[in-house]
There are 2 protein chains.
Amino acid sequence: MSRLAKVAFVRQPAELTVAFRAKGLKVTPQRQLLFRLLHGHEGHPTAEGLFAEASEQMPGISLRTVYQTLNDLAAMGELQVLHITPGTSRFDPNVESHHHAKCVSCGQLRDIHVPQAQQLEVVGLHDFHPSHTSVVVNGLCTPCATATDPIQ
Amino acid sequence: MSRLAKVAFVRQPAELTVAFRAKGLKVTPQRQLLFRLLHGHEGHPTAEGLFAEASEQMPGISLRTVYQTLNDLAAMGELQVLHITPGTSRFDPNVESHHHAKCVSCGQLRDIHVPQAQQLEVVGLHDFHPSHTSVVVNGLCTPCATATDPIQ
DNA sequence: ATGCGAATCTGCACGAATTGCAGACAAATG
DNA sequence: CATTTGTCTGCAATTCGTGCAGATTCGCAT
Ligand SMILES: [Mn+2]
Ligand SMILES: [Mn+2]
Ligand SMILES: [Zn+2]
Ligand SMILES: [Zn+2]
């Protein structure tokens, strides 16, 4: 079992290029940069965070454009938008079915796998048409659990 | 089995009064009104929503005071704060362990019970100290599923 | 009852996150 | 290369929530 763990990313930049053109959306340098930043992104960045990363490689890119592109990707289902932390949305390049552990101290999110998540017994779903279930494990990451003073 | 289903509310106004005084917090008419509004509240109101309800009975109460009181209650563990919907926090007077179904069309939240939620197998929790798990079942409420046009 | 000090209330300014808008600009297409 | 159409940027506006300060009130000890 030496196979590397599979990690799901947002689709390749080239695939997103095709998908955008197919919808009549243009493929600009700004969008290509974001495609590249998102592909292989391990975290759960905010729009501001991606804006900061993008600005390093393309000074002058606007925050407005970052939001625009992220919203387009989310509308196309190429990106998940998470509403787990207060105040701001997290964008998840991992579009595979998965769940999250959230540190209640620093807010960090990490991917987890919950095999039985879609087979949970649920009481109280009368007059409701469920599509999918998401699980959040709250707790403390090791740095926060170790630190005497809360981190952040 | 004719017993009514148990519904967990935030503690009685009288109990909250004691709890507040015990912490050196004063019990004002504004706070007592909010205690009453929250007790027995079936939904998952926003601060603005509670402000609207409170304003009917006490015109002139300020939104700032509503936030202040809700934050105090949350800090004392007498109220849950949910970050499930985009943009705004939901306050949950039901402090019993429970989970939620969320209509992805209209945003409505309802309580559900997930008996196995705390015994889920989770892969990927290395270097993490879990406290509790929360489950969100996404889907459509019947009105939204029935409507040709999305509600809201 | 009265008075005092600490906590609270309200109104407003401010901050963070996100969207609306408009004119300059660039991608796609033939 | 010219045209069309969508995009980019900057800025205003919006929404949710918090910081602040002065007037007010609560809770407790006279
Ligand atoms: Mn994820
Ligand atoms: Mn609830
Ligand atoms: Zn942490
Ligand atoms: Zn609905």
Side-chain angles (χ1 to χ4, degrees), chain A residues 13-14 16-35 37 44-55 57-76 79 81-91 107 109 152, chain B residues 13-14 16-35 37 44-55 57-76 79-91 107 152:
Chain A
L16 294 178
T17 294
V18 171
F20 263 53
R21 294 228 172 89
K23 295 204 71 168
L25 300 175
K26 294 179 177 174
V27 177
T28 64
Q30 291 87 346
R31 286 176 177 178
Q32 295 180 66
L33 170 56
L34 287 164
F35 294 170
L37 286 177
H44 299 86
T46 62
E48 288 277 356
L50 285 163
F51 171 62
E53 291 179 38
S55 296
Q57 294 190 237
M58 186 184 284
I61 190 175
S62 81
L63 178 57
R64 190 70 186 80
T65 295
V66 174
Y67 272 109
Q68 174 78 24
T69 302
L70 293 174
N71 288 344
D72 287 343
L73 284 166
M76 295 167 66
L79 197 58
V81 186
L82 306 177
H83 304 289
I84 298 185
T85 46
T88 185
S89 298
R90 303 293 197 119
F91 295 88
L109 293 182
Q152 254 290 317
Chain B
L16 293 178
T17 295
V18 172
F20 263 55
R21 294 228 173 92
K23 296 205 69 169
L25 300 177
K26 295 179 175 174
V27 178
T28 64
Q30 291 88 346
R31 286 177 177 178
Q32 294 179 67
L33 170 56
L34 286 164
F35 294 170
L37 287 177
H44 299 86
T46 63
E48 290 276 356
L50 285 164
F51 172 62
E53 292 180 39
S55 296
Q57 295 190 236
M58 186 183 285
I61 190 175
S62 80
L63 178 58
R64 190 70 185 80
T65 296
V66 174
Y67 272 109
Q68 173 86 329
T69 303
L70 293 174
N71 288 344
D72 287 344
L73 284 167
M76 295 166 65
L79 198 58
Q80 285 190 60
V81 187
L82 305 178
H83 304 291
I84 298 185
T85 46
T88 185
S89 299
R90 304 290 199 121
F91 294 87
Q152 255 285 319

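Proteins come first, then strands; the chains are lettered A, B, ... in the order of their sequence lines, and each starts at number 1.
Nucleic acid contact class of A:P29 (heavy atoms, under 4.0 Å, all strands): sugar-phosphate only. At the heavy-atom level, A:T28 lies under 4.0 Å from the strands shown only through sugar-phosphate atoms.
Listed by chain and number, the residues in a side-chain hydrogen bond (donor to acceptor under 3.5 Å, both in side chains) with B:E53 are B:H41 (sequence neighbours excluded). With sequence neighbours excluded, the residues satisfying side-chain hydrogen bond (donor to acceptor under 3.5 Å, both in side chains) with B:T65 are B:S62. Here A:R31 pairs with A:D72 under the salt bridge (charged side-chain N to carboxylate O under 4.0 Å, His left out) rule; sequence neighbours left out.
Note: CZ (A:R21) to P (D:dT5) measures 18 Å, nearest angstrom. When the C1' atom of D:dC26 is taken as reference, atom CD of B:Q32 falls 11 Å away, rounded to whole Å. As rounded to whole Å, 18 Å separates atom C1' of C:dA28 from atom NZ of A:K23. Per the geometry, CD belonging to B:Q30 stands 11 Å off C1' belonging to D:dC26, to the nearest Å. As rounded to whole Å, 14 Å separates atom P of C:dT8 from atom CG of B:L70.
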Task: B:Q32 and B:L16: CA distance, side-chain angles, deciding distance, side-chain contact (heavy atoms from CB on, under 4.5 Å) verdict - done: CA-CA 9 Å; B:Q32 294 179 67; B:L16 293 178; over 6 Å; no

- [ ] For side-chain contact (heavy atoms from CB on, under 4.5 Å), just list the numbers for B:V81 and B:F91, CA-CA rounded to whole Å, side-chain angles, deciding distance to a tenth of an Å, and then say yes or no.
- [x] CA-CA 5 Å; B:V81 187; B:F91 294 87; 4.0 Å; yes

TODO: Take B:R21 and B:V27 through the side-chain contact (heavy atoms from CB on, under 4.5 Å) test and state the conclusion after the steps.
DONE: CA-CA 7 Å; B:R21 294 228 173 92; B:V27 178; 3.9 Å; yes

Task: Nucleotide-resolved protein contact map, nucleotides 1-7 of chain C, B/S/- at heavy-atom distance under 4.0 Å - done: ----BBS

Task: Protein proximity profile, nucleotides 11-21 of chain C - base contact B, sugar-phosphate-only contact S, no contact -, cut-off 4.0 Å on heavy atoms - done: B-----SSBBB

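Atoms CD and OG, from A:E48 and A:S55 in turn, are 9.5 Å apart once rounded to the nearest 0.5 Å. B:M58 contributes atom CE, which lies 5.0 Å from atom CD of B:Q30 (distance to the nearest 0.5 angstrom).
Taking the side chain as every heavy atom from C-beta outward, B:L73 and B:F20 approach each other to under 4.5 Å. B:H83 places none of its side-chain heavy atoms less than 4.5 Å from the side chain of A:I84.
Contact annotation: B:Q68 side-chain N/O to D:dG17 OP1/OP2 distance is not under 4.0 Å.
Between the two ends of the helix from C:dA1-D:dT30 to C:dG30-D:dC1, each summarised by a five-pair axis, the helix axis turns through 30° (rounded to 10 degrees).
Proximity of a side-chain donor or acceptor of B:R90 to a complementary backbone N or O of B:L82 within less than 3.5 Å is not detected.
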